[in-house]
2 protein chains.
Amino acid sequence: MANIKDIAKHLGVAVSTVSRAMNNHPDVSEETKQQVMEAIRAFNYRPNAIARGLIRKKTFTIGLMIPEISDPFFSGLARAVERTLFGHGYQVVYGNTDRNPDKEKQFIANAIERQFDGLIITPDFLDATFIEMLSSLEMPVVFLRRRTPQELSMPYVDVDHYQAATVAVNYLLELGHKKIGFIGMPESSFTGTQRLLGYKDTMRKYGLLSESTDIVVAEGRHIPNGRKAMSELYEQNPHLTAVFAANDLLGIGSLEWLAKRDIKVPEQISVMGFDNLEYAELHWIQLTTMEQPTHRMGSKAAELLLQMIADKTQTPPSDLIEARLIERQSCQSLKRT
Amino acid sequence: MANIKDIAKHLGVAVSTVSRAMNNHPDVSEETKQQVMEAIRAFNYRPNAIARGLIRKKTFTIGLMIPEISDPFFSGLARAVERTLFGHGYQVVYGNTDRNPDKEKQFIANAIERQFDGLIITPDFLDATFIEMLSSLEMPVVFLRRRTPQELSMPYVDVDHYQAATVAVNYLLELGHKKIGFIGMPESSFTGTQRLLGYKDTMRKYGLLSESTDIVVAEGRHIPNGRKAMSELYEQNPHLTAVFAANDLLGIGSLEWLAKRDIKVPEQISVMGFDNLEYAELHWIQLTTMEQPTHRMGSKAAELLLQMIADKTQTPPSDLIEARLIERQSCQSLKRT
DNA sequence: CTGAAAGCGCTTACAG
DNA sequence: CTGAAAGCGCTTACAG
């Protein structure tokens, strides 16, 4: 590969001149610039970004820590992040953590060594070591789909899960449901806890909460866990007219169990989800759900990061984004009955 | 951030000594090595990979060009690539092309500037400029889920689509079907062409081919296209007992249309797909299909690339991988009727 | 407007 | 076993 020296030699000018010409520095004669550009084309020369990064202390790459890119929710987020950052000349490097604490730390270490310009992270394990790593990091960081721990002063972008759960339950209530069950995610999840809380508070407000019979916490967050949870919930309380699942996968699992038992949705029971996965649109599913606006979240996180890169002294405010109710066919109104 | 000079100064040794100690060079006394390691820990020092990359001409990053990471098929491929490369110390950088010819070229340009160590690519537009770019590239490249164009001598890893279509149609034939329709992907697709050919040749072999009535080419490769194609196919020939869709999305679209018309699958008509998406497993879908072994393909591509990086003079042989038949509930045997 | 020089943070022959 | 020096491919004050 040709380098800047070859170009300079060929043209009989100094490398500094070539450098200035290709970086559009004002102090270069139009003529020189033309010649340099031509030589660059002739040699098929491309500046070495590594060398440039070393000296400018800027790599134009940002790291995106993500639990699992093949989860469509996260790939949606990732695409949004990427789209807005790409427009500003950045390359985004994904780091799948598989929700593994070591990989999360590895990612940070890697980001340091490779001199990333900034990080957008979705960590699951905020232990002391990890927080320590972050706090000594001289790099802008924004949390995405997570809340920043108190010890750190970095902005986050997340959905207001509590508020969204409130909206979902109110929707069911307005449809005339009073016996509304809840299928929760495992307790370790902050997200799950918030959604559960939104459900509980709303139900309690109307004197409708019955913790012992109407709530089941699933063992995981996937379809099979939803099937099992629904069967348990149904056994506990067959009189439920509606079920709010803490995520779509759990909701779809519920739907599967119900379909196997030939319990009609929404005629016999309404089901509501949370996420608005692509799945939810399928003809057999048609799940009413709360959409997490991945596009807005991802681009917002990217914008915050860009701001922080531009001005390292400021930390912009966090953003709590509202989920949107998507009505489909899985919930029925009880009003006219 | 501390750098190698700080460590050297602190210890009163030369930077070269520090460098050798942390790179485990044999010619360093055990004592020095200990001291250096301690200082590194104390300073929380991490070597600058950019500087190291510049001098070693090795970045330990490889680029993975992909049409769209939120397509679960490609994210599966990506995870497999990443897993095997990660084990060898490489970072993989995804480049989503959105099947856009400019982005495909941009990706290559980017890879050159950033000095990637190798590339795994899934391009959709192999025009002259692109091929020219590749051929002048001083970087190992392997094609994934694509065939290498004649002009280039780079290995590829792909599924044997023709053979797989053959297997699918034979399966239907063995079940006793004789009137088997085909829903194809748009003609531009090599993959689609191969699958169509496999279908045609097999049908023709048994004198069962009726091109004018039994084949419909969809306008795209997604669910709505499948719905539309199925409706056209059904109109053309309502006597079909089975349909082979060129991919699962098309197959699922067919299933949707059939469900809306209350045509029972598999009792009234059998449907077969290709891909084995996660979708296909859903209770309402249970699609019999040909699985493309993403994990094997991705890791194979990564291994080939690793070989090429290790020995740049050799180009290892390409690999054509067999798809696997996954039997679920969407196809019925006509034998006992 | 242009060139010579220093330097980014490392690694690696070359001496000793 | 260790150090001084050169150099990877650029950029950027500093002179002129």
Side-chain angles (χ1 to χ4, degrees), chain A residues 1-37 39-40 43-61 89 109-117 138-139, chain B residues 1-37 39-40 43-61 89 109-117 138-139:
Chain A
M1 267 293 289
N3 63 23
I4 196 172
K5 256 187 190 160
D6 299 324
I7 308 286
K9 199 177 295 169
H10 171 76
L11 255 29
V13 300
V15 297
S16 42
T17 301
V18 177
S19 172
R20 277 187 287 253
M22 71 181 175
N23 287 299
N24 251 303
H25 191 96
D27 295 351
V28 196
S29 75
E30 203 44 51
E31 199 195 335
T32 317
K33 204 178 287 183
Q34 292 300 330
Q35 288 179 49
V36 169
M37 286 321 187
I40 285 180
F43 279 71
N44 210 333
Y45 165 72
R46 292 186 182 280
N48 181 326
I50 298 294
R52 180 179 279 173
L54 180 59
I55 193 162
R56 286 205 181 148
K57 285 162 179 342
K58 172 113 189 160
T59 53
F60 276 101
T61 110
N110 205 8
I112 298 173
E113 293 186 3
R114 289 172 182 262
Q115 313 284 117
F116 289 172
D117 293 332
E138 296 153 12
M139 197 183 288
Chain B
M1 269 295 289
N3 64 23
I4 196 173
K5 258 188 190 160
D6 298 323
I7 307 286
K9 199 176 297 172
H10 170 75
L11 255 29
V13 299
V15 298
S16 44
T17 302
V18 177
S19 172
R20 277 187 287 252
M22 70 181 177
N23 287 299
N24 251 303
H25 192 98
D27 295 351
V28 196
S29 74
E30 203 44 51
E31 200 192 334
T32 316
K33 201 176 287 180
Q34 292 301 329
Q35 289 179 48
V36 169
M37 286 320 187
I40 285 179
F43 279 71
N44 209 334
Y45 165 71
R46 291 185 182 281
N48 182 326
I50 298 294
R52 180 179 279 172
L54 180 59
I55 193 161
R56 285 205 182 146
K57 289 167 177 337
K58 171 113 190 160
T59 54
F60 277 102
T61 110
N110 204 9
I112 298 173
E113 293 186 3
R114 289 171 182 264
Q115 314 283 120
F116 290 171
D117 294 332
E138 295 153 13
M139 198 183 289

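Lettering of chains follows the sequences in order, A, B, ..., and the numbering in each one begins at 1.
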Fill in: Stepwise side chain to side chain donor-acceptor pair (under 3.5 Å) check, B/T32 with B/S29
CA-CA 5 Å; B/T32 316; B/S29 74; 2.4 Å; yes
Worksheet entry | Within residues 14-23 of chain B: residues closer than 4.0 Å to DNA chain C (heavy atoms) |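 Of all residues in residues 14-23 of chain B, the ones placing a heavy atom under 4.0 Å from DNA chain C are B/S16, B/S19, B/R20, B/M22, B/N23.
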How would you list, by chain and number, every residue that makes a side chain to side chain donor-acceptor pair (under 3.5 Å) with [X], sequence neighbours excluded?
X: B/E30; result: B/Q34
X: B/T61; result: none
X: B/N48; result: none
X: A/N24; result: A/K33

Worksheet item: Can you give the first and last nucleotides of DNA chain C, 5' to 3', that have an atom under 4.0 Å from a heavy atom of chain A?
Response: C/dC1 to C/dG9
Worksheet item: Would you write out the dot-bracket form of DNA chain D, 5' to 3', with Watson-Crick and G-U pairs under 3.5 Å, [ ] for crossing pairs, | for pairs to other strands and . for unpaired bases?
Response: |||.||||||||.|||
Discussion item. Going by the rule ring pair (Phe, Tyr, Trp, His ring centres under 6.0 Å), which residues pair with B/F60 if we only count those two or more places apart in sequence or in a different chain?
Written reply: B/Y90
Worksheet item: Under the 3.5 angstrom rule, does the side chain of B/T59 hit a backbone N or O of B/G53 as a donor-acceptor pair?
Response: no
Name each donor-acceptor pair under 3.5 Å that joins a side chain in residues 2-13 of chain B to protein atoms two or more places apart or in another chain, with its distance.
| from | atom 1 | to | atom 2 | distance (Å) |
| --- | --- | --- | --- | --- |
| B/N3 | OD1 | B/K5 | N | 3.0 |
| B/N3 | OD1 | B/D6 | N | 3.1 |
| B/D6 | OD2 | B/N3 | N | 2.9 |

Practice prompt. Please round to the nearest 0.5 Å and tell me the distance separating atom NZ of A/K58 and atom CG of A/D117.
Written response: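 Reported to 0.5 Å precision, the distance equals 4.5 Å.
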Discussion item. Nearest 0.5 Å, please: how far is CD1 in A/I50 from CG in B/L54?
Written reply: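 Here the interatomic distance stands at 7.5 Å.
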Discussion item. At 4.0 Å (heavy atoms only), tell me whether A/D27 reaches a base, stays on the sugar-phosphate, or touches nothing.
Written reply: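 Base, at least one base heavy atom under 4.0 Å.
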Worksheet item: Between A/M22 and A/P47, what is the shortest heavy-atom contact and its length?
Response: CE-CB, 4.1 Å
Worksheet item: Near DNA chain D, which residues from residues 49-58 of chain B have a heavy atom under 4.0 Å away?
Response: B/L54, B/I55, B/K57
Worksheet entry | Pairs satisfying salt bridge (Lys or Arg N to Asp or Glu O under 4.0 Å), at least one member in residues 45-55 of chain A, at least two apart | A/R46-B/E113
